[in-house]
Structures are given as C-alpha cells and as structure tokens.
Number of protein chains: 2
Amino acid sequence: MNLSTEALLNLLKDKNIRPSYTRIKIMEYLAARRTHPTADEIYSNLLHEIPTLSKTTVYNSLNTFVKAGLVRTVTIEDNEARFDADTSDHGHFKCDMCGNIYDFPVDMAGLHTKGLSRFIVKQRDIYFKGTCPGCLENNIN
Amino acid sequence: MNLSTEALLNLLKDKNIRPSYTRIKIMEYLAARRTHPTADEIYSNLLHEIPTLSKTTVYNSLNTFVKAGLVRTVTIEDNEARFDADTSDHGHFKCDMCGNIYDFPVDMAGLHTKGLSRFIVKQRDIYFKGTCPGCLENNIN
DNA sequence: GAAGGGGTTTGTATTAATTACAACTTTATT
DNA sequence: AATAAAGTTGTAATTAATACAAACCCCTTC
C-alpha cells in the first residue's frame, strides 16, 4: 500500500470514480495506515484538514470505494464497521485488551473447506480474536 | 446440536446460568435451527409463545450465553449481529442474493497463518460471501 | 407460610452507527 | 457564460444495542 497521490488518482479513475479532493484525502488516509479505522475516526482525523467535511461524505465515499472493490469492510466487531484499503488476501486479528487490529498473512489456497463445491465464493474474511504480544507483556506485571 | 430440553438444562447449569423458562426457550430456539437468527428474529418468533417477552431480555440472555461460551456471535454483516448455538469449528457463508447463511466445515488445523506465533488466539471466525446453489439455479431463468 | 434477598424480566429512555434526503456547491461540457 | 451532472453538506430519521430502575419470581430462612 502507501500509494503516491498520483497512483491513487489513477486507481480511482480506473474504477470510474471521480477523484475529488475529499475522496483522495479519504483514500490517502486509509492507504497510509494499517489501523483499520472506523468512519468516525476518519472523519475526526480529517476534519482539521478539511474543515467543511461532513460525516455523510465519509460514508458516501467509503461506500463508493467498497462497491468498486477498492476498500474492504472489516466486520470483526459487531458494533461498528472498519475499513481497509488493502484488498489482498490476509487475515485480521483483534486484540481483546488494546483493541488494535493486526493484519496477518493467510494461505487461502491451503484453506480446506467442504460442501462449497456448488457455491460461488466472491469474498473470504478471516477474523481472529485474542491477545497481542504487547498486551501479553504488559499483563505480566 | 438439537439438544433435548434436559441436556440444555444441564448445559446451562454447568455454566452457572440459572435455567429460567425464557433462557431455555431462547436456547432451544437457537439450537433447533441453523438459520443464525438476529436478536430481533428470536424476539419476534418467541413472542407468541412468551407474550410478556421483552427485547431486552433476548439481548440479556444472548449476552449471557456468549460470555459463557455457549453461543457465538456471527458478525458476517455489518448492520446486525447474528447468533449461533453451534460453537464447534466451522465457517459461515452468506448468500448475497437470498441472504441465507450456511454453515460449512473448515479444516482449522490446516489453516496456515504467519506472524501470529507470539499472539494468543482465542477465537477464529471464517466468513465467506457469494451466491448459493439455489440462487444460482433460479438466476438461469 | 410470611419475610427477605438475589437473580431475572420488563419497559422506557438513551446511545450511537448508518442512511435518507433535499439544498447547496463544485466540476465538466458545450 | 450557461447548463447539466456529480459531489458535498447538514439535518432528520432509522435502527441495533445498551442503561437503568421498577416489577417480578423463586429460593431460603425464620
């Protein structure tokens, strides 16, 4: 990830999404960090840069990106959606102590399932939960 | 699944959950079908059997079950939580046409991940999305 | 069997994420 | 510059979920 603004511009153009100032800022924000922010986090953090920003715009833009396949929704938690600009195959781990969400590599080809031969699978999400190394250390005290 | 009422009673007792009439009805409802209902569906369907039932009670009971590990929350969709009384390892497939959620077997042991050696993993959720065989057939017309 | 107490249920009010929608603004096209 | 199309904004509405206090039920103890 961590695309240049120009690469991002082409990414949007390829999907027929007009690369407005706001959309580019939101995509840049998402692509620049791997924190899987909520819509509200994106809104709050961009507000000082785009003082006229509205939360509806954040939702509109995110939904546009998700429909175009540029962004993926992470529903690891039941109370709020998170967003990820990395659409390549990988899993998400949520630490139940600090709440951080970590990416981890997954061998999707080696993931053996049964009974899905007649299903068309378009999306695969792998969500793990537990405790992260940092919180495990802090907890020893 | 599909436990007898008595087996259910012992299941609750083992977890120190008092087996009230309402709780048993909710657990029976969950255990009897594999439709992964929402809290609202459970509420609506039990209302004719328990006319005094309150939606808060459904949420309270479900949260109690989830904390005790008897029920698992399915967050395959971002707008509502679903519930599953089958806590054994398996994946969930949601059809984007009919909305049904299907269980499928997954070989968790063969699921190869990287970078998690120092993490403690307590829960694994596998969510697939796409189109189910029934909807694929109907769509040919 | 009455009194008391802990846990359970209920209803209402509240919170918070998300969407609906109409007005307004910006951008593209002629 | 005029006009149309698309994007943005703010407010209101929707809806899942929780907070909380009152009412209720069941079990124990006197």
Side-chain angles (χ1 to χ4, degrees), chain A residues 8-9 12-29 36-68 70-84 99 101, chain B residues 8-9 12-29 36-68 70-84 99 101:
Chain A
L8 241 165
L9 229 135
L12 293 182
K13 279 183 189 165
D14 285 352
K15 296 285 185 178
N16 271 319
I17 299 171
R18 205 185 281 183
S20 71
Y21 178 74
T22 316
R23 284 177 177 161
I24 288 180
K25 282 293 174 194
I26 293 174
M27 260 308 250
E28 274 184 349
Y29 185 89
H36 316 86
T38 61
D40 196 70
E41 277 165 31
I42 297 171
Y43 169 74
S44 303
N45 284 292
L46 285 181
L47 197 54
H48 72 279
E49 220 177 329
I50 316 172
T52 64
L53 186 62
S54 140
K55 209 176 277 189
T56 302
T57 302
V58 176
Y59 278 107
N60 285 344
S61 304
L62 289 171
N63 287 338
T64 304
F65 297 154
V66 169
K67 268 178 204 146
L70 296 176
V71 166
R72 121 179 321 215
T73 309
V74 178
T75 62
I76 197 168
E77 211 54 65
D78 58 349
N79 58 334
E80 59 187 2
R82 294 174 169 275
F83 298 90
D84 189 350
I101 295 182
Chain B
L8 241 165
L9 229 137
L12 293 181
K13 278 183 189 164
D14 284 352
K15 296 284 185 181
N16 270 318
I17 299 172
R18 203 184 281 183
S20 71
Y21 178 74
T22 315
R23 284 177 177 159
I24 288 181
K25 282 294 174 195
I26 293 175
M27 261 307 250
E28 274 184 349
Y29 185 89
H36 316 86
T38 62
D40 197 69
E41 279 166 30
I42 297 171
Y43 170 75
S44 302
N45 284 292
L46 286 181
L47 197 56
H48 73 280
E49 220 177 330
I50 316 173
T52 63
L53 185 63
S54 141
K55 210 177 277 190
T56 302
T57 302
V58 177
Y59 278 108
N60 285 344
S61 303
L62 288 171
N63 286 338
T64 303
F65 297 155
V66 169
K67 269 179 203 144
L70 296 178
V71 167
R72 122 179 320 216
T73 310
V74 178
T75 62
I76 198 169
E77 211 54 66
D78 60 349
N79 57 336
E80 58 188 5
R82 294 175 168 274
F83 297 91
D84 189 351
I101 296 183

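Sequence lines set the chain letters: A, B, ... in the order given, protein chains first and strands last, and positions in each chain run from 1. The figures here come from the full heavy-atom set of this structure, side chains too, leaving out hydrogens, waters and symmetry mates.
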Quiz item: To the nearest angstrom, how far is B:Glu41 atom CD from D:dT15 atom P?
Solution: 15 Å
Quiz item: In whole angstrom, what separates A:Arg82's CZ from C:dT18's P?
Solution: 10 Å
Quiz prompt | Rounded distance [0.5 Å steps], CZ in B:Arg23 versus CG in B:Leu9 | solution = 12.0 Å
Self-check item: Distance, rounded to the nearest Å, where A:Lys13 contributes NZ and D:dA6 contributes P
Solution: 17 Å
Quiz prompt | Between C1' of D:dC26 and CD1 of B:Ile24, the distance in whole Å | solution = 14 Å
Quiz item: Just how far, in rounded Å, is P of D:dT18 from CD of A:Glu80?
Solution: 13 Å
Quiz item: With sugar-phosphate meaning primed atoms plus P, OP1 and OP2, does A:Asp78 contact a base, only sugar-phosphate, or nothing at under 4.0 Å between heavy atoms?
Solution: nothing
Quiz item: Counting any heavy atom closer than 4.0 Å, what does B:Asp40 reach on the DNA or RNA strands: base, sugar-phosphate only, or nothing?
Solution: nothing
Quiz item: If we only count heavy atoms from C-beta on, is the A:Phe83 to A:Val74 side-chain gap below 4.5 Å?
Solution: no
Quiz item: Can you tell me how far OG1 of A:Thr73 sits from CG of A:Asn63, rounded to the nearest 0.5 angstrom?
Solution: 7.5 Å
Self-check item: Within-4.5 Å side-chain heavy-atom neighbours: A:Thr75 and B:Glu77
Solution: no
Quiz item: Just by protein heavy atoms under 4.0 Å, how would nucleotides 5-15 of chain C read 5' to 3' in B, S and -?
Solution: --SSSBBB---
Exercise. Kindly say if A:Asn63 contacts the phosphate of C:dT19, meaning a side-chain N or O under 4.0 Å from OP1 or OP2.
Key: yes
Practice problem: To the nearest Å, give me how far apart OH (A:Tyr43) and C1' (C:dA16) are. | Solution: 15 Å
Quiz item: Between CD1 of B:Ile26 and OG1 of B:Thr64, what distance do you get to the nearest 0.5 Å?
Solution: 9.0 Å
Exercise. Could you tell me the separation between the CE atom of A:Met27 and the CG atom of A:Leu12, rounded to the nearest 0.5 Å?
Key: 5.5 Å
Self-check item: Distance, rounded to the nearest Å, where A:Ile26 contributes CD1 and D:dG7 contributes P
Solution: 13 Å
Exercise. First locate atom CD1 of A:Ile50, then atom CG of A:Asn45, and finally report the distance between them rounded to the nearest 0.5 Å.
Key: 11.5 Å
Practice problem: Provide, to the nearest angstrom, the distance between the OH atom belonging to A:Tyr59 and the P atom belonging to C:dT18. | Solution: 4 Å
